[in-house]
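Written below as structure tokens is the structure these notes are about.
The residues of the chain are indexed from 1 along the displayed sequence.
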Amino acid sequence: MQWLKSPYPLLQNTRYKWLFALLSGVFVYLFLIVFGPFGAGQSINFKYVFLAGFGISVFLGVCVTYFVLPKLFPAFFRPEKWTIAKEIILLSTCILIISTFNSFHYYYWRGDGAFYKTFFSFLKITTSIGIFPIVGLIFFTERTLTKQNLNKAQLLSTKLQRPAAEETVTVQIQEESVKATPIAMQLSQFIYARSEGNYVTIFYLDESTLSRKLIRLSLKQLEQQFENHSQVKRCHRSYLINTEHIITIDGNARSLTIQLDKVPTSIPVSRSFSKADFY
């Protein structure tokens with residue numbers, strides 16, 4: 001399905017991860033106490049302590065999912081490549097991990113039956129409770145964020161005031177080493193720059209052809225060299241763009257993106273980049 005390939009935001013904020021894990025555990029604990037599904041806690045000593053174990057299991061499962069797995073599989077957890085399909089895989093894995101913790105808790109507390117039967121029983125229960133809310137939440141979130149970002153992109157596009165082209169203005173980009181010869185070009189030739197750790201790649205026009213040059217310089221240092229040219233703006237922590245070359249601004253559930261003239265790939269826009277930055 002094309003919908004599964006749609007962009008989706010990956011939860012990255014550490015504070016939100018902890019909050020999500022904590023609230024998930026508390027919610028499950030209260031849900032079990034209030035509704036008592038599947039005979040939860042019936043005829044069991046220390047009922048509330050027993051049920052609290054499931055809340056802790058959920059908390060630990062979410063923590064493993066969002067803190068441990070990204071460390072083990074960094075290539076999979078690339079925010080710019082995150083999709084609905086990956087989000088479903090992640091949350092399904094979370095269900096599997098939570099089921100494992102729940103099984104250990106129940107088996108340790110009750111100690112009856114084979115562990116694998118306990119595990120599959122809890123996997124069935126956890127999946128039946130969680131799968132439909134998960135898919136529904138993803139669908140609702142994707143639609144809502146896409147609509148919000150598309151509206152924002154449309155607003156930014158209508159508010160966009162393209163600066164007058166400074167055809168005759170020449171800029172000189174000095175590398176970190178003062179011994180290096182500065183790179184001279186007309187301001188209108190500069191398209192954008194992308195951070196590469198301690199280096200930065202400059203994308204510019206050379207006789208109407210998009211060219212690139214890797215130099216030893218931080219993006220912050222490059223931004224300072226363009227501080228007197230208002231049309232050059234930092235739209236993302238890794239990108240510096242020449243707004244003169246903006247063709248379109250688009251949005252999806254993951255983020256806003258900018259399409260620049262003669263550039264085949266879209267440039268991401270950070271959430272802190274507002275319409276005021278186009279004036």
Side-chain angles (χ1 to χ4, degrees), residues 7 9 12-13 79-80 145-146 148-279:
Q12 300 179 74
N13 186 287
E80 69 277 9
L145 292 178
T146 297
Q148 289 177 352
N149 283 334
L150 284 174
N151 288 339
K152 186 176 181 180
Q154 184 178 13
L155 177 62
L156 291 176
S157 296
T158 57
K159 295 290 184 179
L160 177 61
Q161 297 179 359
R162 301 187 185 279
E166 300 181 66
E167 297 281 350
T168 59
V169 175
T170 300
V171 293
Q172 291 190 335
I173 301 174
Q174 178 64 57
E175 295 190 49
E176 195 173 82
S177 173
V178 294
K179 295 181 180 180
T181 303
I183 302 172
M185 67 177 70
Q186 291 184 353
L187 181 59
S188 59
Q189 289 181 275
F190 174 75
I191 305 294
Y192 76 101
R194 183 180 66 212
S195 175
E196 308 281 356
N198 293 325
Y199 293 80
V200 65
T201 301
I202 307 292
F203 293 83
Y204 61 98
L205 293 178
D206 184 7
E207 296 183 355
S208 300
T209 301
L210 184 65
S211 302
R212 68 178 66 187
K213 184 175 181 62
L214 181 68
I215 62 174
R216 186 172 180 82
L217 187 71
S218 71
L219 195 65
K220 180 65 177 178
Q221 291 172 320
L222 179 62
E223 183 181 14
Q224 291 173 347
Q225 295 186 32
F226 280 105
E227 61 183 358
N228 294 325
H229 304 287
S230 60
Q231 70 194 78
V232 179
K233 299 183 181 294
R234 183 83 164 262
C235 68
H236 187 274
R237 65 179 181 178
S238 300
Y239 291 89
L240 192 69
I241 65 170
N242 186 345
T243 56
E244 175 190 336
H245 294 284
I246 293 178
I247 298 177
T248 58
I249 305 172
D250 201 0
N252 52 48
R254 189 165 55 219
S255 64
L256 289 175
T257 58
I258 288 175
Q259 189 64 52
L260 298 174
D261 186 29
K262 299 186 184 301
V263 178
T265 58
S266 298
I267 307 299
V269 180
S270 68
R271 298 188 179 188
S272 60
F273 195 63
S274 67
K275 63 178 182 292
D277 294 305
F278 286 97
Y279 297 151

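- Partners of N13 by side chain to side chain contact (heavy atoms under 4.5 Å, CB included), not counting sequence neighbours, listed by chain and number: R15, Y16.
- For the pairing with D250, the side chain to side chain contact (heavy atoms under 4.5 Å, CB included) check across T257, V269, I258 returns one residue only, T257.
- A donor-acceptor contact shorter than 3.5 Å links the side chain of H245 to the backbone of S188.
- The stretch residues 169-191 participates, sequence neighbours left out, in these ring pair (Phe, Tyr, Trp, His ring centres under 6.0 Å) pairs: F190-F226.
- Sorted by first and then second residue, the pairs that involve residues 184-205 and meet salt bridge (Lys or Arg N to Asp or Glu O under 4.0 Å), not counting sequence neighbours, are R194-E196.
- In summary, of the residues considered (Q225, Q172, E175), a side chain to side chain contact (heavy atoms under 4.5 Å, CB included) with P182 occurs for Q172 alone.
- Residues L240 and V200 form no side-chain contact, since every pair of their non-hydrogen atoms from C-beta on lies 4.5 Å or further apart.
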side-chain contact (heavy atoms from CB on, under 4.5 Å) between C235 and I267, intermediate numbers included: CA-CA 9 Å; C235 68; I267 307 299; 3.8 Å; yes
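- Counting only residues at least two apart or on different chains, the salt bridge (Lys or Arg N to Asp or Glu O under 4.0 Å) pairs with a member in residues 207-227 are E176-R216, E223-R234.
- Taking the side chain as every heavy atom from C-beta outward, L205 and K262 approach each other to under 4.5 Å.
- A ring pair (Phe, Tyr, Trp, His ring centres under 6.0 Å) check over residues 193-221, counting only residues at least two apart or in different chains, returns the pairs Y192-F203.
- Contacts of R237 classified as salt bridge (Lys or Arg N to Asp or Glu O under 4.0 Å), with partners at least two apart in sequence or in another chain: none.
- Counted by atom type alone, T243 and Q231 present zero donor-acceptor pairs between their side chains at under 3.5 Å.
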